[in-house]
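Numbering of residues begins at 1 and proceeds along the displayed sequence.
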Amino acid sequence: MGGARFATTRGRLMGLLVAFIVGWLTISYLLLPDWWKDREAGHPALLDAPRVTVTAAQIPGDPLNLFVIASERQLVAAMLAAGWHPADPITLRTSVRIVESSVFHRPYADAPVSNLFLFGRKEDLAFEKPVGDDPRQRHHVRFWQTAEKDEKDRPAWWGAVTYDHSVGFSHTTGQITHHIAPDIDKERDGLMSDLGHTGKVLDSQWRPGFQQREGRNGGGDPWRTDGRLGIVELHE
């Protein structure tokens, strides 16, 4: 009698153990990976995403390292609140002014940035954060709006954040250009921190393994990264 009861109890325990293992396998290997994939995507524009911009000559430009989910109004308001200045368009007047400011060490907080291209067009928005007394050194970011919107009808923006540390000749074309610092993660993290201090960030997260670990931009400047894409969601 005791043996039959023991066998019944053992059978129930084995059934519970098998059910636990099946449930664990289902959750760990089927449900959770799909949930994390959907969560990491977060926005349809992240699917089949680009990685690097190009110059007008179709030379690989600065790498993408930021993704912002926001309307244009929200993005501009957040960048201004974070202390970043909209870059002037490139014209003869602004080109002369940036040269003059660099040579004579005069401030130019809205100095233009060179054009880079994504989706076949130049950046939609560009901002900078000056360092020192002239535009030779500055933090800067270019943004391209995506065509895709999410289920909440929100657009998104790809960003390439880098730091200009000097002015010199391009290693690829010989043209006069800004040279970027190699540590692009520092710039990505700095801008995300600046946005975080505005109180306009609804959520921020990381997408690991997004970017290759190192490369060179259109001016031949080396860059390196941990490969993560910073994702920021803004609100009013």
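Defined by atom type and a distance below 3.5 Å, a donor-acceptor pair is present between the side-chain atoms of E187 and H139. A donor-acceptor pair shorter than 3.5 Å cannot be found between the side chains of S193 and R188.
Between D194 and K129, at least one side-chain nitrogen of the basic residue sits less than 4.0 Å from a carboxylate oxygen of the acidic one, meeting the salt-bridge criterion.
Considering only heavy atoms from C-beta on, R121 comes within 4.5 Å of Q145 through its side chain.
Put simply, the side chain of N65 gets close to the backbone of V161: a donor and an acceptor are under 3.5 Å apart. At distances below 3.5 Å, at least one donor-acceptor pair connects side-chain atoms of R51 with backbone N or O atoms of F210. The main-chain N or O of D62 is found under 3.5 Å from a side-chain atom of T53 such that the two form a donor-acceptor pair. Between the side chain of R228 and the backbone N or O of Q205, no donor-acceptor pair lies under 3.5 Å.
Its side chain within the 4.5 Å cluster rule, F117 clusters with V54 among the Ile, Leu, Val, Met, Phe, Trp and Tyr residues.
Because its NZ or CZ atom is not both nearer than 6.0 Å to the ring centre of Y163 and within 45° of the ring axis, R138 does not count as a cation-pi partner of that residue.
Residues satisfying the side-chain contact (heavy atoms from CB on, under 4.5 Å) criterion with P60, sequence neighbours excluded, are V52.
More than 12 heavy atoms of other residues, nucleotides or ligands shown are found within 6.0 angstrom of CD on Q212.
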